[in-house]
Structures are given as C-alpha cells and as structure tokens.
Asker: 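Pasting in a structure now, in structure tokens, and then I'll have a few things to ask.
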Amino acid sequence: MTRTVLKFGGTSVASPAALQRVAEIVKNTRGHRIVVVSATAGTTDALIGAARAAEGGDAQTAQDTILRLSDEHRNLIADALGFESADVLKEIADLTERTTALLQSVAILRECTARTLDAIVSYGERISAPIVAAVLNHTGTKAEALSAEGLLITDDAFGHANPIVDETRARASKELDSRLGYGVVPVVTGFIGSTTDGVTTTLGRGGSDYSAAVLAAATKADDLRIYTDVSGVMSADPRVVKGAKPLESMSYAEAAELSYFGAKVIHPRTVLPAVEAGIPVRILNTFAPSDRGTTITSNTDKDGSVVKATTSLGGLGMITVQGAGMSGVPGFAARVFDTAAAERVSVMMISQSSSENSICLVVPDDATDRLKSALERMFNAELQRHDVEKIAVERPVAIVAAVGEGMRGTPGVAARVFTALGKASINVVAIAQGSSELNISLVVMEKDREKAVRLIHEEFHR
Ligand code: ASP
Ligand code: MG
C-alpha cells in the first residue's frame with residue numbers, strides 16, 4: 001500500500017474553513033496516510049513572546065498570552081466541529097495548565113533556557129494536533145493525535161535539535177505501523193521531538209517541514225506532500241512579474257539556490273532527508289488542492305528550460321576593497337573575510353576580479369558602514385602605503401539571481417542576461433557565478449531591482 005506523509009502548515013490549520021479543506025485532502029488521499037501539523041499561524045511567535053515577557057519578569061503578559069491562545073483554540077475546535085468536544089477541551093486545558101506553570105517558573109527565575117523555551121513553544125503543535133485529529137474523526141477519517149516526543153528522537157541541541165535517524169526509524173515504525181495497519185491516520189506534531197531521555201526538543205523555526213521529511217524517510221514513505229497557502233514555487237515573485245508561472249518541478253539544488261535568495265516557500269534543507277531517501281517532495285496549496293504544485297526531487301536532469309526562476313534580494317550594500325598592492329598577496333582575501341566574521345556580518349555574495357585588483361562583498365545594508373570602518377582599521381597600513389587605494393561603498397543595492405540546472409554548459413546564458421539588461425540601460429555593478437553554473441547573480445542598484453527581474457524573466461520565459 002502506498003504511504004503518504006501530508007504536512008499542513010500554520011495557515012492550513014488556523015481556521016474552521018482551512019481545517020475542512022485539510023479533512024477533504026486527507027480523505028481524498030489513498031493508501032496509508034501520516035499527517036504532520038504545525039502550530040496554528042502566529043502561535044509559535046506568541047509563545048516566544050510570552051516566554052520573553054516572563055523572562056523579563058512580566059508574568060501577567062505571559063499569562064494573558066497563554067490564555068488568549070487557549071481561548072482561540074477552544075473557539076477554533078468548537079467552530080470547526082459545531083459542538084464542544086470534551087476530549088479536546090480537556091487536552092487544551094491540561095496543556096494550558098502545564099504551559100502556564102512553566103511560564104510562571106520562568107517569571108520567578110527570570111531565566112528561560114533553550115530547554116525551557118522548547119517545552120513552552122511545544123504547546124503550539126501539541127494543541128493543534130488533537131484539533132486536527134478531532135476534525136478528521138468528525139468527518140469520517142479515523143485519526144489519532146500523537147506527540148512526536150518519544151517518536152522523533154533528537155540530540156539535546158535545544159532550539160535546533162538534530163534528529164537521530166536510526167532511533168527515530170525504530171520508534172516511528174513501532175508507533176506508527178500498527179496504527180496504519182488498523183486504518184488509523186496518525187496526526188503527529190511537527191517541529192518538536194525529544195531526546196532519548198524524553199526531554200522535549202524543537203527542530204528550529206519552521207521545523208515542521210523538517211519533521212515531516214524525517215518521518216517520511218523513517219517510515220519509507222512513497223510521497224511527501226507539504227501543504228501550504230501557495231501553489232508551489234513560482235518562476236518569479238508574482239507581485240513583481242505578471243507572467244510568473246508556477247514551476248512543475250525543480251531539483252533540490254535549484255530549490256536551495258532559490259531559497260537563499262528569499263523565495264521562502266520552504267527551506268530546502270528541511271526536506272533534504274526525504275530528497276536523500278529518494279522521496280519526491282511536493283509543495284501544494286491547501287486552499288487550491290487541485291493545483292499541480294511544485295515537485296522537488298534529487299533529479300538534476302535538464303528539462304529543456306535554461307533559466308528556471310529569477311529572484312532577487314534587496315536591502316544590501318556593496319563594499320569594494322580596491323588597490324594594485326593586493327594582487328598576488330596571499331592571505332589578503334582571508335583578512336577581508338576575517339574582518340567580516342569578527343564583525344559578525346554575513347556576506348551574501350563575493351566577487352573578485354581575476355587581476356585580483358579588487359574584492360567586493362555584498363552584505364546587509366545596515367552592516368555596510370560598520371564593516372567599512374572595520375576594514376579601514378584592518379587595512380590602515382595598506383591604505384597609507386596606497387597598496388589599498390580605497391574601500392568604497394555602493395548602496396542600496398540588490399542581488400538579482402537567475403537560477404536553473406539548464407544553465408550548466410549552455411553557452412551564452414550570461415550574454416543573454418547582460419544584453420537584456422543593457423538594452424534597458426540597467427547598470428550591472430558586479431557579477432558572480434557559482435562554479436556549479438546553477439546560478440548567475442548580479443548586483444544592481446536597488447532602484448533597478450524589479451525591472452532587472454522582469455527583463456531577465458522575460459528573456460527566458462517567452
Ligand atoms: N510552529 C513552528 C514555527 O512557527 C514550526 C513550523 O511552523 O514549521 O516555527
Ligand atoms: Mg510554519
């Protein structure tokens with residue numbers, strides 16, 4: 001029998017109408033089904049806020065938040081079912097009591113460790129799973145809510161725990177196989193897990209996708225479906241490019257490149273366990289379930305397209321360290337990057353001319369001045385000797401990236417990109433291409449960003 005893991009994100013479980021859709025989707029999926037759920041949208045943020053308030057000694061705000069969340073979930077399940085389910089209400093009451101106690105301890109100690117925070121935020125998923133299970137049962141699908149504690153086993157890196165694959169596989173088959181055999185749909189909490197000792201952990205923000213991928217791999221699922229509120233990954237941001245189209249399929253590497261540039265449908269790293277296990281990952285829309293969505297696979301075959309998607313990242317600054325005295329000096333680039341690391345500035349893009357006369361770094365705009373000053377201190381002597389001529393800043397700039405496996409080994413792609421921009425008199429400030437040839441990134445002034453995206457998209461998607 002085919003086995004499908006269906007993961008539903010925060011907006012998919014946050015309203016009675018959405019829960020109805022979820023129930024229909026699960027019902028219409030054949031074979032064995034394992035459901036993984038996020039907390040309702042906004043709940044995890046609210047819980048973190050409550051923990052921070054408690055840590056600052058504001059027990060009242062923390063208490064108000066948890067009571068509000070409790071009320072919202074009680075209303076949600078009542079509205080979704082049309083009656084009050086005593087079981088679910090009891091579950092909500094128990095979880096609320098436990099979390100209130102945790103928040104009170106935090107307020108007294110004025111300390112919230114990563115371990116405590118994980119216990120507090122687990123409320124979100126632990127409360128959504130019984131709600132989803134109740135709706136499934138009510139609509140004729142036998143279901144049972146399960147906490148991933150004791151099921152998805154992790155190390156003790158609280159806040160960003162790492163799943164332990166073998167242990168999880170053993171527990172998952174023990175807990176899930178029999179239920180599936182009886183025709184029950186397990187509804188498992190995403191995002192959370194536990195150590196081998198049973199201490200609650202979380203996998204990091206947005207971690208429910210990761211949970212779903214780990215469970216799909218551990219249970220040898222045939223298919224992982226990630227239901228969200230958009231119909232997959234688009235060829236460009238539809239707010240910028242009118243003709244943007246949903247992508248039917250993409251490779252893991254393409255998805256990784258795109259997400260780096262802020263296409264935030266999923267964080268591909270989180271679905272890697274499924275991709276590595278050869279399980280196709282489909283990104284689908286709960287609110288338009290017959291849309292085809294996007295399938296992410298490990299397959300890197302070219303599909304005839306050259307540039308598959310065009311994306312951009314704004315709010316950046318570019319720093320150029322330039323001077324004739326830099327070329328051929330070993331360790332020069334290392335000093336540039338050490339300076340960035342010491343300033344805790346993340347570098348989004350690098351390019352160096354082959355004459356080695358200049359290195360440029362693209363960094364978040366608000367870090368530009370700080371990094372420039374730090375570089376001036378670092379290269380003070382070289383600046384005095386004119387080995388480094390200047391450290392220049394250009395801002396605000398944006399990176400525009402064209403991504404696609406089909407670019408590899410296809411001559412003339414860069415030329416087409418530059419011609420398209422050149423015709424419209426858009427100045428390209430810097431360029432970089434990864435040696436994987438999967439991505440050409442250019443730096444343009446922020447004001448040219450959207451136009452550049454449109455022109456490149458138009459060039460390759462006519
Ligand atoms: N609820 C968690 C978060 O908001 C996990 C998830 O939604 O994937 O980060
Ligand atoms: Mg989420």
Side-chain angles (χ1 to χ4, degrees), residues 5-15 18-19 22 34-52 65-66 68-70 72-73 76 92 95-96 99 102 112 114-133 145-149 151-152 154 157-163 168 187-194 200-217 224-230 233 255 259 262-274 281-287 296:
V5 174
L6 303 100
K7 182 261 168 176
F8 294 96
T11 51
S12 301
V13 294
S15 69
L19 287 167
V22 168
I34 299 169
V35 170
V36 175
V37 292
S38 289
T40 58
T43 296
T44 307
D45 285 331
L47 289 162
I48 292 171
R52 294 291 166 236
T65 303
I66 192 76
R68 171 175 67 78
L69 291 174
S70 165
E72 282 172 7
H73 286 85
L76 174 61
I92 294 176
L95 284 167
T96 304
T99 309
L102 284 168
C112 186
R115 173 173 169 154
T116 307
L117 185 62
D118 278 357
I120 292 170
V121 298
S122 73
Y123 178 83
E125 273 73 9
R126 289 174 48 149
I127 209 168
S128 67
I131 290 176
V132 172
L146 286 180
S147 169
E149 292 153 305
L151 183 69
L152 201 161
T154 71
F158 296 102
H160 52 91
N162 304 292
T168 300
V187 179
V188 185
T189 56
F191 183 47
I192 68 181
S194 71
T200 306
T201 56
T202 66
L203 306 184
R205 292 307 309 273
S208 298
D209 293 342
Y210 197 18
S211 306
V214 168
L215 290 174
L224 169 58
R225 301 188 188 166
I226 299 202
Y227 282 90
T228 167
D229 50 13
V230 293
V233 183
S259 81
K264 24 176 210 305
V265 178
I266 57 151
H267 283 287
R269 192 186 63 84
T270 62
V271 299
L272 189 56
V281 180
R282 290 217 275 153
I283 319 263
L284 294 157
N285 189 347
T286 300
F287 305 94
I296 299 174

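Keep in mind that the numbers below use all heavy atoms, side chains included, and drop hydrogens, waters and symmetry copies. Remember, it's 1-based here, ligands and their atoms both numbered in the order they're listed.
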Asker: Which word best sums up how the rings of Tyr123 and His73 line up, parallel for under 30°, tilted for 30 to 60°, or perpendicular for over 60°?
Answerer: perpendicular
Asker: Take Thr154 and Thr201, measure what side chain to side chain donor-acceptor pair (under 3.5 Å) needs, and give me the verdict at the end.
Answerer: CA-CA 7 Å; Thr154 71; Thr201 56; 2.8 Å; yes
Asker: Once you round to the nearest 0.5 Å, how far does CD of Glu125 lie from OG1 of Thr43?
Answerer: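 Here the rounded value is 8.5 Å.
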Asker: Between Arg269 and Asp209, does at least one N-O distance fall below 4.0 Å, as a salt bridge requires?
Answerer: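 Judged by the 4.0 Å cut-off on N to carboxylate O distance, Arg269 and Asp209 do not form a salt bridge.
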Asker: Show which atoms of ligand 1 fall inside a sub-4.0 Å distance from at least one heavy-atom site of Thr44.
Answerer: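 Atoms satisfying the 4.0 Å criterion: 1 (N), 2 (C), 3 (C), 4 (O).
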Asker: Specify side chain, backbone, both or neither for Ser208, according to which of its non-hydrogen atoms lie closer than 4.0 Å to ligand 1.
Answerer: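 Looking at Ser208 and ligand 1, atoms from backbone and side chain both fall under 4.0 Å.
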Asker: Do Asp209 and ligand 1 have an N or O pair less than 3.5 Å apart?
Answerer: no
Asker: Just jot down the ligand 1 atoms closer than 4.0 angstrom to any heavy atom of Ser38, in number order.
Answerer: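 Once the distances to Ser38 are compared, the set is 6 (C), 7 (O), 8 (O).
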Asker: For ligand 1, which atoms sit closer than 4.0 Å to a heavy atom of Arg205?
Answerer: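 In order of number, 3 (C), 4 (O), 9 (O).
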Asker: For the side chain of Ser211 and the backbone of Phe191, is there at least one donor-acceptor N/O pair under 3.5 Å apart?
Answerer: yes
Asker: Please check whether Glu125 reaches ligand 1 - meaning an N/O of the residue sits under 3.5 Å from an N/O of the ligand, judged on distance alone.
Answerer: yes
Asker: Under 4.5 Å between any side-chain heavy atoms of Thr189 and Ser122, yes or no?
Answerer: no
Asker: Using distance alone, decide if ligand 1 has a nitrogen or oxygen within less than 3.5 Å of any nitrogen or oxygen in Gly206.
Answerer: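 Checking ligand 1 against Gly206, an N or O pair does fall under 3.5 Å apart.
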Asker: Yes or no: does Gly207 have any heavy atom under 4.0 Å from an atom of ligand 1?
Answerer: yes
